[in-house]
Q: 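Would you mind keeping the following structure in view while I ask a few things?
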Amino acid sequence: MSKLILLGDEAIAQAAIDAGLSGMYAYPGTPSTEIMEYIQSSRDASSRNIHHEWSANEKTAMEAALGMSYTGKRAMVAMKHVGLNVAADGFINSAMTGVNGGVIVVAADDPSMHSSQNEQDSRFYGKFAFVPVFEPSNQQEAYDMVFEAFEVSEKYKVPVLFRITTRLAHSRSAVNQKDKLEQKEFNMPSDLRQFVLLPAIARRKFKVLLSNFESLAEDEKCQINNQYIEGDDKSMGVVACGLAYNYLMENCKEGACRFPVVKIGFYPVREELLARLKSECDQILVLEEGFPVFEELMKGVPGSDYRIRGRLDGSLPRDGELNPNLVAKALGLRSGYGKDIPDVVRKRPPSLCKGCGHADMYNALNDALKEYGPGRVFSDIGCYTLGALPPFNAINSCVDMGASVTMAIGAADGGLFPSVAVIGDSTFTHSGMTGLLDAVIKNSPVTVIISDNSTTGMTGGQKSHATNRLESICEGLGVEKKHIRTIIPLRKNHNENTVIMKEEIAFKGVSVIISQRECIQTAVRRKKKEREKK
Amino acid sequence: MKNDIILSGVGGQGILSIAAVIGYAAVENNLYLKQAEVHGMSQRGGDVQSHFRFSDKPVASDLIPYGEADLILSVEPMEALRYLPWLSDKGWLVTNSKPFINIPDYPDEDELHAQIKKIKNNLIVDADTIAKDTGSARAANIVMLGAASHFIELPFQSLQNAIRKLFARKGDEIIDLNLKALTAGREQYNK
Ligand SMILES: Cc1ncc(C[n+]2csc(CCOP(=O)(O)OP(=O)(O)O)c2C)c(N)n1
């Protein structure tokens, strides 16, 4: 069997292929994007005919995976943590219907918000939906757990949440590969009403879900991922969830921890495991990436007079990702420090690339809005969010995918005029279209600028569902044809573009301006490919 | 044996290629490794870094603890200084001298160099010029790897093999240019 050097994301993807995956479904989002990308470029995956197209958003991805599962085959869905908010309805109700073929939902959390608008902890969704959660601590575990997760999913007929964080998703290490499994045969559900959540059926199914969740806490095969590791020094016990275990071990130079440790890789956890640690140790330090999920659980043990330490009592910071130094401090160990960063070092924030079409669009928009004053532009998530920074200072919101259009509508309802939305092409087909329909239905006086670079730029240039479809989509939604204008954002067109924007902004109905020029990063890659072909 | 390396630069300067070369070389020597990278938002002209750790024993943390890096290998001088909290007392700071200026308040170069020289073990290399002289302006990152190779606990030959592997698909000419760049970099320092 071969040894591969893989990112955590890639280990999950390779494991899924090897475990007999039939369909991969995803919408890009850091730090989860590389899972789908790996499958798209894998020869194994294409020779096995594994589905590997991007979905319009995380909800459509989740539901398509459930459909694949209906046919008895194994499916995986991957998304960043906030993607699970979008997919939440499908996710939570898929726990109610249960699955046929195994379903793994990978949620990649981004504590410290390296590339995100918040740092929510997806483990909560597991508990909320009564869905088991796997949380690997390293690349090899990530690989191995995918096999287990499919089995658990099929044994209990429940989707499984697979939680990773940035540092595992984007860190490489060696992974031993297992023998490949065959894909599952086409096999419809034995009960054709399994997926029909009419109240009478749903009430019955919910009881099954609840009882399964209890069984999972006692299932030997699952609980293998939660280990009690002996330690002589009982002055403290440590609970280490997922990746946090590595930071603990980094601080145990002898290769073993002197305190007893409960290493967590699966939820729900058998209660005795925690009760034992609690009864044996003077105090308990909880190490977990994200929110204090376990810390709260441990504190909640009735009659507990133990000191439970972690993010809530200040032993660890309340927010942000863990690292070896923070864990050292919580363990009462001294850790090193090099030298302070000298003052000459300046911040180097990300910025729009030289020659980016978003920049020309913002220059025109700023000029078009000059007469009205600032504070009228709702924007969205993508490269174009960098329009919030100097020199543009052009936008006043970035909340969640699609919110530009709908916030502009609400603000117009509240009396703001003009009320402008700026949204990227991929974000528009992710969650902007429905908002635009709202605007059309009530003839809101809003102008929606779709800054179309024909790619999903922010996450590295994935195919955009919107490419070559924007005009027909807007027309189909009912925007008047004469108020769908297309401009080419180039400096030489600046005056003309500003005039068009002014006209549409002044119009007291729904207008759309498609600002269309290819992303320069994807253009460079495309031209290079074309050259190589010659 | 353990080697903890911070690779730093600006998005697009090729630090992940350096990491890939070290990775192949570490694997050739049957070592354990972990390498944390930055993807996503920060790649857009922002600062990027990678934590590269290899050892003859399993590596626990994907991140290097403060004060434990044996080497900061930077392809940009200001970025070299951003990671000083990680550098150990005995560690080396090896950096390209050529600034990458994409911010309005980029500091004075002499001041930067003065700060770099305050580090006991420092090596400043004009990698861009050396790369150009060896025939491949785009191999400045490999020149830097060559210069830093004295402080990477891997046989130089393994780095050469790794370059052959990394650039295998690009043909012999590109391989030779990069091998030349690697050697030219290595010649910047005599142990
Ligand atoms: C729900 C959700 N899914 C995914 C993301 C990650 N994400 C942020 S921006 C973006 C792509 C935006 O593409 P586009 O709208 O075309 O703008 P561009 O970056 O190309 O300018 C993605 C996928 C997110 N922040 N939230």
Side-chain angles (χ1 to χ4, degrees), chain A residues 3 5 7-8 29-31 33-34 110 114-116 138-139 166-174 243 245-252 255 321-325 327-328 335-354 383 386 390-391 457-460 521, chain B residues 10-11 19-20 23-24 26-27 32-47 50-52 57-69 72 76 78-89 91 100 102-108 111-112 114-116 118-119:
Chain A
K3 194 176 204 169
I5 301 289
L7 292 176
T30 314
T33 312
E34 291 80 3
D110 188 20
H114 297 283
S115 304
S116 306
N138 61 38
Q139 293 78 356
T166 307
R167 294 301 177 182
L168 176 57
H170 288 167
S171 173
R172 264 172 227 286
S173 195
L243 198 70
Y245 180 72
N246 301 345
Y247 301 139
L248 173 67
M249 295 318 289
E250 183 67 30
N251 283 293
C252 304
E321 63 180 353
L322 299 176
N323 64 40
N325 299 89
V327 171
S335 64
Y337 189 80
K339 289 189 171 49
D340 283 329
I341 304 169
D343 292 338
V344 288
V345 177
R346 305 286 144 79
K347 287 215 171 77
R348 202 191 292 263
S351 54
L352 288 177
C353 306
K354 241 187 218 147
C383 288
L386 295 167
M458 185 83 257
T459 43
Q521 297 286 352
Chain B
V10 180
Y24 282 133
V27 169
Y32 293 95
L33 70 89
K34 275 194 178 170
Q35 183 221 330
E37 324 181 332
V38 171
H39 299 204
M41 188 89 182
S42 22
Q43 280 178 307
R44 239 150 245 41
D47 50 273
S50 172
H51 289 220
F52 202 114
K57 294 189 198 64
V59 178
S61 167
D62 300 81
L63 298 175
I64 300 169
Y66 286 138
E68 288 192 23
I72 293 174
E76 207 278 347
M78 184 175 84
E79 295 310 322
L81 295 168
R82 199 182 296 282
Y83 304 96
L84 287 185
W86 278 269
L87 192 62
S88 91
D89 298 341
F100 185 100
N102 65 344
I103 47 170
D105 57 345
Y106 195 90
D108 179 59
E111 214 182 313
L112 274 180
Q115 288 292 344
I116 292 166
K118 276 193 192 164
I119 304 302

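Each chain gets a letter, A, B and so on, in the order the sequences are listed, and its residues count up from 1.
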Q: Please name the pair of heavy atoms, one in B/Ile103 and one in A/Pro349, separated by the smallest distance, quoted to 0.1 Å.
A: CG2-CD, 4.2 Å
Q: Determine, stepwise, if the pair A/Val345 / B/Glu79 fulfils side-chain contact (heavy atoms from CB on, under 4.5 Å).
A: CA-CA 8 Å; A/Val345 177; B/Glu79 295 310 322; over 6 Å; no
Q: For A/Leu7, is it the side chain, the backbone, both, or neither that has a heavy atom closer than 4.5 Å to a heavy atom of chain B?
A: side chain
Q: What residue in B/Ile119, B/Asn102, B/Asp108, B/Leu112 has the most heavy-atom pairs under 4.5 Å with chain A?
A: B/Asn102
Q: The test is side-chain contact (heavy atoms from CB on, under 4.5 Å); show your working for A/Lys347 and B/Asp105 and say whether it passes.
A: CA-CA 9 Å; A/Lys347 287 215 171 77; B/Asp105 57 345; over 6 Å; no
Q: Are B/Glu37 and A/Arg167 within salt-bridge range, i.e. N to O under 4.0 Å?
A: no
Q: Once you round to the nearest 0.5 Å, how far does CD1 of A/Ile341 lie from CD of B/Gln115?
A: 12.0 Å
Q: Which bit of A/Gln139 comes within less than 4.5 Å of chain B, counting heavy atoms only: side chain, backbone, both or neither?
A: side chain
Q: Using every non-hydrogen atom in the two residues, find where B/Pro65 and A/Pro324 come nearest and quote the distance to one decimal.
A: CG-CB, 3.9 Å
Q: What is the distance from atom OG of B/Ser88 to atom NZ of A/Lys339, rounded to the nearest 0.5 Å?
A: 9.5 Å
Q: So, using side chain to side chain contact (heavy atoms under 4.5 Å, CB included) as the criterion, who are the partners of A/Ser351 when residues are at least two apart?
A: none
Q: Under a 4.5 Å cut-off applied to non-hydrogen side-chain atoms, are A/Arg348 and B/Val10 in contact?
A: yes
Q: Under the 3.5 angstrom rule, does the side chain of B/Arg82 hit a backbone N or O of A/Arg346 as a donor-acceptor pair?
A: yes
Q: Side chain, backbone, both or neither: which part of A/Leu168 has an atom under 4.5 Å from a heavy atom of chain B?
A: neither
Q: Which answer fits A/Cys383, side chain, backbone, both or neither, if we ask what part of it has an atom under 4.5 Å from a heavy atom of chain B?
A: side chain
Q: Find out whether B/Leu84 and A/Asp340 are in side-chain contact, i.e. whether some heavy atom of one side chain is under 4.5 Å from a heavy atom of the other.
A: no
Q: Should we say atom OH of B/Tyr106 is surrounded by more than 12 heavy atoms from elsewhere, each under 6.0 Å from it?
A: yes
Q: Looking at A/Asn138, A/Thr166, A/Asn246, which one forms a side chain to side chain contact (heavy atoms under 4.5 Å, CB included) with B/Asp62?
A: A/Asn246
Q: Considering non-hydrogen atoms only, spot the tightest contact between A/Tyr247 and B/Leu63 and give its length.
A: OH-CD1, 3.6 Å
Q: Mark yes or no for whether A/Asn325, through its side chain, and B/Tyr66, through its backbone, hold a donor-acceptor pair below 3.5 Å.
A: yes
Q: Relative to chain A, which segment of B/Val27 carries a heavy atom at a distance below 4.5 Å: side chain, backbone, both, or neither?
A: side chain
Q: Who are the side-chain hydrogen bond (donor to acceptor under 3.5 Å, both in side chains) partners of A/Asp343, not counting sequence neighbours?
A: none
Q: Under a 4.5 Å heavy-atom cutoff, which of A/Ser173, A/Gly457, A/Pro342, A/Ala169 has the most pairs with chain B?
A: A/Pro342
Q: Using a cut-off of under 4.5 Å for heavy-atom pairs, which of B/Glu76, B/Lys57, B/His51 has the most such pairs with chain A?
A: B/Glu76
Q: Examine distances only and state if a side-chain atom of A/Glu250 and a backbone atom of B/Ser61 form a donor-acceptor pair shorter than 3.5 Å.
A: yes
Q: With a 4.5 angstrom heavy-atom cut-off, could you sort out which part of B/Asp89 is near chain A: side chain, backbone, both or neither?
A: neither
Q: Mind ranking B/Pro107, B/Gly23, B/Gly91, B/Pro85 by heavy-atom pairs under 4.5 Å with chain A and telling me who comes out on top?
A: B/Pro85
